[in-house]
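Let me begin by presenting the structure, written as structure tokens, before commenting on it.
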Amino acid sequence: MQALETILSCRQNKELKTGDNNAKESRFQQNRGVMMANKQKPARKNASVPSENSVPAPLPLDPSLEVNLQELGKRIGQSSDVVFRRFTNESLSSLALAFVYIDGLVNADVVNQTVLQPLLETVTLKSESITATDAFRMIKDQILPIGGVKEGKTLEALLSMLFDGYTLILFDGLQMALAADTSGWEKRSVNEPTSQGVIRGPKEGFTESLRTGTSMLRRRLKTSDLRIEEYKIGQRTQTGVALVYLDGIASEQVLKEVRRRLNAIHTDSILESNYIEEFIQDGGLTPFPTIQNTERPDAMAGGILEGQIGIIIDGTPFALLAPSTFFNFFQSSEDYYQRYDISSFLRLIRYGAFFVSMLLPALYIAVTTFHQEMLPTTLLVSLAAQREGVPLPALAEALLMELTFDVLREAGVRMPRTIGPAISIVGALVLGQAAVQAGLVSAAMVIVVSFTAISNFVIPSLAIANSIRLIRFVMMFIAATLGLFGIMSFLMVLLIHMAGLRSFGVPYLSPVAPMVPRYLKDILIRVPLWSMTMRPKTNLGKETRRQGPDQKPKPAEGKNSQESGQPKPQGEDPA
Amino acid sequence: MQKKEQVSALQISFMIMLFEIGSTPLFLLGGKAKQDSWLAMCTGSMAGFILLMLLMWIQQSSLGTDLIGMLKIHFGRYAGSVIGGIYSLYFAYQSMRNVRDLGELTALTMLPRSPMSITMLIFVGISIYAIWKGAEVVFRLPEVLLPMVLFFYALLVLLFGIMGSLDFNRLGPVFENGFKPIADAALPDIVSFPFGQMIVFLMLWSLWDKPGVPVKNTVVAYLLISIFLIFMNALNVAVLGPTVAGISQLPFLKSVRTLSSLKFIERLDILVTVQLFVGLLIKMMLFFFCSVKAVAELTGKPAKWWVFPVGAVIYGASFLERDYTQHIAIGLGPSLRIDPVFQVAIPLLLALSILLRSRFARSSS
């Protein structure tokens, strides 16, 4: 607190020296306001808690251009990328202008051609008689050939625009400034999503740019119901966060809750969607994710069409979808791009893989430690023969291999691409083959661990795959102490936990528990699209029709063939 | 939490089915009737159905209250509270029987060397966790578990069929000694276990999100599960024959062990244990839940306050019986004798009181 006060008083001293009287007074008042505002918060906290270095209260512009520029310069510091450009013609007029922009955030061509050039060339501005107010209006309404021109009255508003890539135009003698949208910076182009690839289906993924993301959704959902609400979250990062939903389909209740939680976020920085996820998700201590993330605009559009709410975060290609149930994590957008029979089959495989990935090592431990009688005799004999030379108990053996695999996996993420093959050789041959030959682990264990690892990658959502990676270890310990009974008990505990979990008010296991039989068409299997006539209201939205009632393709019969062109509009049928 | 916890009609029917399955297929009920035990089951289920009608009628005529509330209304505040307290103990006792069942079963099939105190503690702990989460969570469990349990049973039945273990000739001759032994076996034993245990739903129907009883769902669930239980009973006899099925401790486990000629998996009794684990857990949890609900209502304290004490009582009581023999002896002896009091006599008294009151009310108005 003291440090803050000294800073403030320093600033006042400086102003005493430089500014004129008017400025002094207003600045003093302002500073007092700032101090008051700052005092209120930390006063209640402990003295030991470092005082929050919060954003100061808005500072109105000074009529003097010099003062404003100095203040700006002081705020930004002597950063090399900020460009101050004066536009004065003292011989002819009293009109003085200044441009401020940040090099790299603006498109230099745009600044030169649409801001600097028109202003420099316009003759009227150079005439003697023009006042600052006239010039302001003229520039705003006539001269700038730019779509987004905003006015700013406070330094803070201008600064935030400056950081968004606007070019500021400050006037001498006016307490207002213009900001022209000249933003344009180096962006990654739209690429194929790296983490959620498909064989058939759109190949484009979100990029780090928020605007690209919203435009991709707009291109997919050409309806006036699509709403995009933007927030700025993070005191220092001022990250743009966009809430995307379909008005009338997303539940108002959930929306209100999402907005409330977003507004309640009080943090320094939002650098990736996980920051938001951790701040707004339900059940802070659950191992299960309650918010989906996706890189795919088509997956997001699909979710939004089912009443979910999308959250796109500037600076990351991973967007969020909420509310999400357990079963959402097993749906891949490709399910709808392939025939329904193979999609259903693949989905069943995914659920199978989920259980294998969670249980297989634990089952192996339980069976070899407690329930050998379960195995057919021949298998038992060969297993026993393999394990004969292994010095470790089954649990230690499994732990060793599982941890080894996790190390390999982490190494795979970090290592440079060029030495990838070398690592795979080390991993596959040295750790797999050689470990078995050296008698450190049994061959069966290597099979178990590799199958577990591969199963883990079958699950489309990395979020839930990661959560079971951890549960697997707990499961292994329990299996080693209590065998199958322990595994069953722990599964039951997990089930109870999941049955009690909610994602923004939606039960996590819905529509299975609580069960809504007619919504089960897209859970364990996927029925043909023409059969999914109703949009599930699992997400607390409204149950509305999304397909015509009788869409099953069949050959046209004589008379009907004429009207079979398009019997019903494809859009919403509110009945 | 301010909102009253509510469950749907579908959840109630799933709960009825899983609750009635419980550990029932494990035992050969009506073994006294030999090969006609399935007929005894039919008789028991029919008698149970009449009882169920009575219970539903009681619930319909006192909307929005559960058993404890009814007892208080009809037997006066003090007598009603005392009877309610006894009911709570009765539910806790039934719950404890299931805990012990599971403890013994686990020791018998899965973990012969682990102390029963640990397995039973885990069992009670799981129930505490679920009941702590509330009625909504408890009633969501059957929706996941029942399809799984039924799938496993179907799988086993299919295997019995494929392996040729089934010999329905063992069920003959039907009515060898007339109807008398069948009725003897069915009444009151089979009525009190499992069909009469529907009494717990007098505590639970009031949780339905609409007033009254989901009659259609309840009746359909009851009938379906009766058919299932009768079939499983007949299946046991068809696999083992009436004599072996009658004398073995856990006949269903024995039946499943006959499947060992399958080359792939030697012993499927683990599968049975999984099913029984789930069945027993749900049954025990529901009795536990009713006990907690009853005590909470009698004392006016929130249910969460009572979860741990009641859980501790159930866990402690499960050690009272010395061994499995005594456990079974009590279960088949004194226990069966007190069941009708709680399952039939008191509901009958309640019904009588409701009738008299409605008469009285009508004549006075």
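The chains referred to below are lettered A, B, ... by the order of the sequence lines, with proteins before strands, and numbering in each begins at 1. Note that these values count all heavy atoms, side chains included, but never hydrogens, waters or copies made by symmetry.
With a 4.5 Å cut-off on non-hydrogen atoms, B:F14 touches chain A through its side chain but not through its backbone. Only the side chain of A:L509 comes within less than 4.5 Å of a heavy atom in chain B; its backbone stays farther off. For B:I282, no part lies under 4.5 angstrom from a heavy atom of chain A. Within the 4.5 angstrom heavy-atom criterion, only side-chain atoms of B:L10, from C-beta onward, approach chain A. Residue B:S8: no heavy atom, backbone or side chain, is found under 4.5 Å from chain A.
Your options are A:G500, A:S489, A:G483, and the one with the most heavy-atom pairs under 4.5 Å with chain B is A:S489.
Atom CG of A:L484 sits about 8.0 Å away from atom CG of B:L111, to the nearest 0.5 Å. One finds the CE atom of A:M488 at 11.0 Å from the CD1 atom of B:I122 (value rounded to the nearest 0.5 Å). Rounded to the nearest 0.5 angstrom, B:T119 OG1 and A:L482 CG are separated by 8.0 Å. Rounded to the nearest 0.5 Å, atoms CZ (B:R140) and CE (A:M515) are 12.5 Å apart. One finds the CE atom of B:M148 at 8.5 Å from the CG atom of A:L495 (value rounded to the nearest 0.5 Å). The distance from the CG atom of A:L491 to the CZ atom of B:F277 is 9.0 Å, given to the nearest 0.5 Å.
The environment of CZ in A:F451 is sparse: at most 12 heavy-atom neighbours from other residues, nucleotides or ligands sit within 6.0 Å. For B:K254, the NZ atom sits in a loose shell: 12 or fewer heavy atoms of surrounding residues, nucleotides or ligands are nearer than 6.0 Å. At most 12 heavy atoms of other shown residues, nucleotides or ligands fall within 6.0 angstrom of atom CZ in B:F151.
Inter-residue side-chain proximity for B:T273 and A:F485 is flagged as unmet; no heavy-atom pair is nearer than 4.5 Å. Taking 4.5 Å as the limit, every side-chain heavy atom of B:S114 sits out of range of all side-chain heavy atoms of A:T481. Counting heavy atoms from C-beta outward, A:H497 and B:Y129 have side chains that approach closer than 4.5 Å.
A:V512 and B:E143 make their closest contact through O-CB, 3.4 Å (heavy atoms, listed as atom of the first residue, atom of the second, distance).
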